[in-house]
Amino acid sequence: MRAHASVLHLDLDAFFAAVEQRDKPSLRGKPVVVGGVGGRGVVATASYEARKYGVRSAMSTREARSRCPHAAFLTGRFHAYRDASTIVMGLLRAASPLVEPLSLDEAFVDLEAAGLPDLEVPTVTAFAQELRERVRDQTEGLTASVGIGTSKFIAKVASDLDKPDGLVVVAPGTEQELLRPMHVSVIPGVGPVTVERLRRAGIHTVADLEAVSLEELVRLVGNAHGSGLFALARAEDDRTVEPERETKSVSSEGTYDTDLTDRALMEQLLTRQAREVAARLSKQGLSGRTVTIKVRLHDFTTLNRSTTLPSPTDSGATIARLARGLLADLDTSGGVRLLGVGVSGLADWIQEDLFGETEQEEEPEAPEPEIVRSRDRPGWAPGMDVVHDEMGRGWVWGAGRGVVTVRFETAQTPAGPVRSYADDDPHLHHWRPEQAEAGAPPEE
DNA sequence: TCTGGGGTCCTAGGACCC
DNA sequence: TCTGGGGTCCTAGGACCC
């Protein structure tokens, strides 16, 4: 904790939804929900108009629709968010060399490095007001909430106190009187599980927490977490603003609208994800030794399986081969709702190819199950009529993330089976009336 | 059809080494 | 010829954050 309120936390208000409202005037003043729109989507950001109806981040889109059916539900335009974020981070870096972005819409700024005449409350307040105005001007109207305090913790708490479009400076020395009446969940790292553990011990507020011994806290929530809580309950926080943070892992995952049961399809999806991870690794000049797959079963139990190579790789073929091998050891007969691939143990160098000839022989030896993109496909959307070479007529139940799910309901089989395919499965075609006689009947 | 996707950090047990 | 001990690496699971 510093003698002056010199840590600033900036948080763009309802960021994704605000960018949408900025870019589409017809959405201004109306409820907007950005997030997954599929059957298993969740809300990433709700505009303040949508929050009035109880729509919240991380809520399922299904529930958001039932609470606010007239909202605009949007999937999100990440390039637009990235562009806006780049502008804001640029403004912050122009104000101080010490900026730590936490996400696209949040950052800490160290005001000790900003070259202000002093760090007294009126000075940092004026600085922050000007920064907020600059953000609004340069982003064509996005608003930011700002908190300033003697530590990251206090700055972050402060930025939450007057949302949206607010500014709160917590004067040095007043931290504990601010925190004591607050619920323990204001402390970063205290989520639902910790709240419940503390509640059972009769601890609800920061004041309650402050009265608990270090030994007791460690017993309740573990070593690292316990000592962290002990300090934060006293507003003790010496964490510095870190402008450069190393990437520790790169991953790609997907949740599918219907549970997957087809192993060949799962392997195809893992292969695609492995390629995507490999592309992102090499784009960043990274490679890694540990390949992990993540499998969420139908009942939401989540399994991770990993394997570690002797030297780092950024090869999509290698990552895919290992990922498929890891999947082979799992029982997925009950259905899989999520599949993912990640690489960790990263190095910012690629292993020198000391034995180039062996490595080069290996890759063509294990050919990928190639996914062929066909050009005559306009894409799949729910409700489309389709024909599968073996299954016959059906219609699209869900499509996205490389998977199309088809219900084979026909006049003959009104409760027909549901199957999922890769969206470029050569056996799956759009149905057109002129194909009526060409569509093979269902096999069973 | 409750429960995304991209991450970070921590814990705990076993293997292995000196 | 019971059961040391510290350190590191690996694997699996889980809490949490935005």
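Chain letters run A, B, ... following the sequence lines, proteins first and then strands; every chain starts at 1. None of these values were measured; they are calculated from a predicted model.
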Name every donor-acceptor pair, under 3.5 Å, that has one atom in a side chain of residues 94-101 of chain A and the other anywhere in the protein, sequence neighbours excluded.
unit_1, atom_1, unit_2, atom_2, d
A:Ser96, OG, A:Leu98, N, 3.1
A:Ser96, OG, A:Asp110, O, 2.8
A:Glu100, OE1, A:Lys152, NZ, 2.7
A:Glu100, OE1, A:Glu242, N, 2.6
A:Glu100, OE2, A:Lys152, NZ, 3.3
A:Glu100, OE2, A:Arg245, NH1, 3.4

>> If the threshold is 4.0 Å, N to carboxylate O, is there a salt bridge linking A:Arg40 and A:Asp259?
In response: yes

>> Nearest whole Å is fine: how far is C:dC10 C1' from A:Leu309 CG?
In response: 13 Å

> Does the side chain of A:Lys156 get closer than 4.0 angstrom to OP1 or OP2 of C:dC18 through an N or O atom?
Replying inline: yes

>> Looking at C:dC9, I'd like to know if its phosphate oxygens (OP1 or OP2) sit under 4.0 Å from a side-chain N or O belonging to A:Thr308.
In response: no

> Between A:Tyr256 and A:Arg337, is there a cation-pi geometry (under 6.0 Å to ring centre, at most 45° from the normal)?
Replying inline: no

> Contact class for A:Thr61 vs. all strands (heavy atom < 4.0 Å): base, sugar-phosphate, or nothing?
Replying inline: nothing

>> Quick check for you: among C:dC18, B:dT3, B:dG7, whose closest atom lies nearest to any side-chain atom of A:Ser103?
In response: C:dC18

> DNA chain B: A:Gly222 or A:Arg296, which has the more 5' nearest nucleotide?
Replying inline: A:Arg296

> Whole Å only: how far is the CG atom of A:Leu102 from the C1' atom of B:dG6?
Replying inline: 14 Å

> Which part of the nucleic acid, if any, lies within contact of A:Val43, taking any heavy atom under 4.0 Å across all strands shown: a base, the sugar-phosphate backbone alone, or nothing?
Replying inline: nothing

> Using a cut-off of less than 4.0 Å, is there contact between a side-chain N or O of A:Arg289 and OP1 or OP2 of C:dC10?
Replying inline: yes

> With a 4.0 Å cut-off on heavy atoms, is A:Leu338 in touch with a base, just the backbone sugar-phosphate, or nothing at all?
Replying inline: sugar-phosphate

> For the pair made of CG in A:Leu229 and P in C:dC16, what is the distance, rounded to whole Å?
Replying inline: 10 Å

> Are A:Glu276 and A:Arg272 within salt-bridge range, i.e. N to O under 4.0 Å?
Replying inline: no

>> Would A:Arg296 and A:Phe300 count as a cation-pi pair here, with the cationic atom under 6.0 angstrom from the ring centre and within 45° of the axis?
In response: yes

Using nucleotides 13-15 of chain C, report all nitrogen or oxygen pairs with the protein that are shorter than 3.5 Å.
unit_1, atom_1, unit_2, atom_2, d
C:dG13, OP2, A:Asn304, N, 3.0
C:dG13, OP2, A:Asn304, O, 3.2
C:dG13, OP2, A:Arg305, NH1, 2.9

> Side-chain donor or acceptor of A:Arg40 under 3.5 Å from a matching atom on the base of B:dT1?
Replying inline: yes

> What does A:Gly39 touch in the nucleic acid at a heavy-atom separation under 4.0 angstrom: a base, only the sugar-phosphate, or nothing?
Replying inline: sugar-phosphate

>> For a quick check under 3.5 Å, do A:Asp13 and A:Thr143 share a side-chain donor-acceptor pair by atom type?
In response: yes

>> As a test of reading the structure: which of B:dT11, B:dC9, B:dG7 is closest to the side chain of A:Lys248, going by heavy atoms?
In response: B:dC9

>> Do the side chains of A:Glu253 and A:Lys294 get close enough for a salt bridge, i.e. N-O under 4.0 angstrom?
In response: yes

> Can A:Arg234 and A:Glu210 be counted as an ion pair, charged N to O under 4.0 angstrom?
Replying inline: no

>> If you assign A:His298 and A:Ser252 each to the DNA chain B nucleotide with the nearest heavy atom, which residue ends up on the more 5' nucleotide?
In response: A:His298

> With no hydrogens and no angle check, is any side-chain donor or acceptor of A:Arg305 less than 3.5 Å from a backbone partner on A:Ile293?
Replying inline: no

>> Expressed as a whole number of angstroms, how long is the span from A:Leu326:CG to C:dT11:P?
In response: 9 Å

> So, is A:Thr307 near the phosphate of C:dC10, with a side-chain N or O under 4.0 Å from OP1 or OP2?
Replying inline: no

>> So, OP1 or OP2 of B:dT1: does either fall under 4.0 Å of a side-chain N or O from A:Arg62?
In response: yes

> OP1 or OP2 of B:dG7 less than 4.0 angstrom from a side-chain nitrogen or oxygen of A:Ser249, does that happen here?
Replying inline: no

> What's the closest nucleotide to the A:Arg337 side chain, out of B:dC9, B:dT3, B:dT1?
Replying inline: B:dT3

>> Looking at every non-hydrogen atom in both residues, tell me the closest pair between A:Lys24 and A:Leu74 and how far apart they are.
In response: NZ-CD1, 4.2 Å

> Where does DNA chain B form stems of at least three consecutive Watson-Crick or G-U wobble pairs, each pair having both distances below 3.5 Å?
Replying inline: B:5-18 with C:5-18

> Which value, in whole Å, describes the distance between the C1' atoms of nucleotides B:dC17 and C:dG4?
Replying inline: 14 Å

>> Tell me the interatomic distance from A:Glu276, atom CD, to B:dG5, atom C1', rounded to whole angstroms.
In response: 11 Å

> A:Asp259 near the nucleic acid: base, sugar-phosphate alone, or nothing, with a heavy-atom cut-off under 4.0 Å?
Replying inline: nothing

>> Checking contacts here: which listed nucleotide (B:dG7, B:dG4, C:dT11) is nearest the side-chain heavy atoms of A:Thr255?
In response: B:dG4

> Does A:Ser60 have a side-chain nitrogen or oxygen under 4.0 Å from the phosphate oxygens OP1 or OP2 of B:dG4?
Replying inline: no

> Which of these passes side-chain contact (heavy atoms from CB on, under 4.5 Å) with A:Leu198: A:Val212, A:Val193, A:Leu209?
Replying inline: A:Leu209

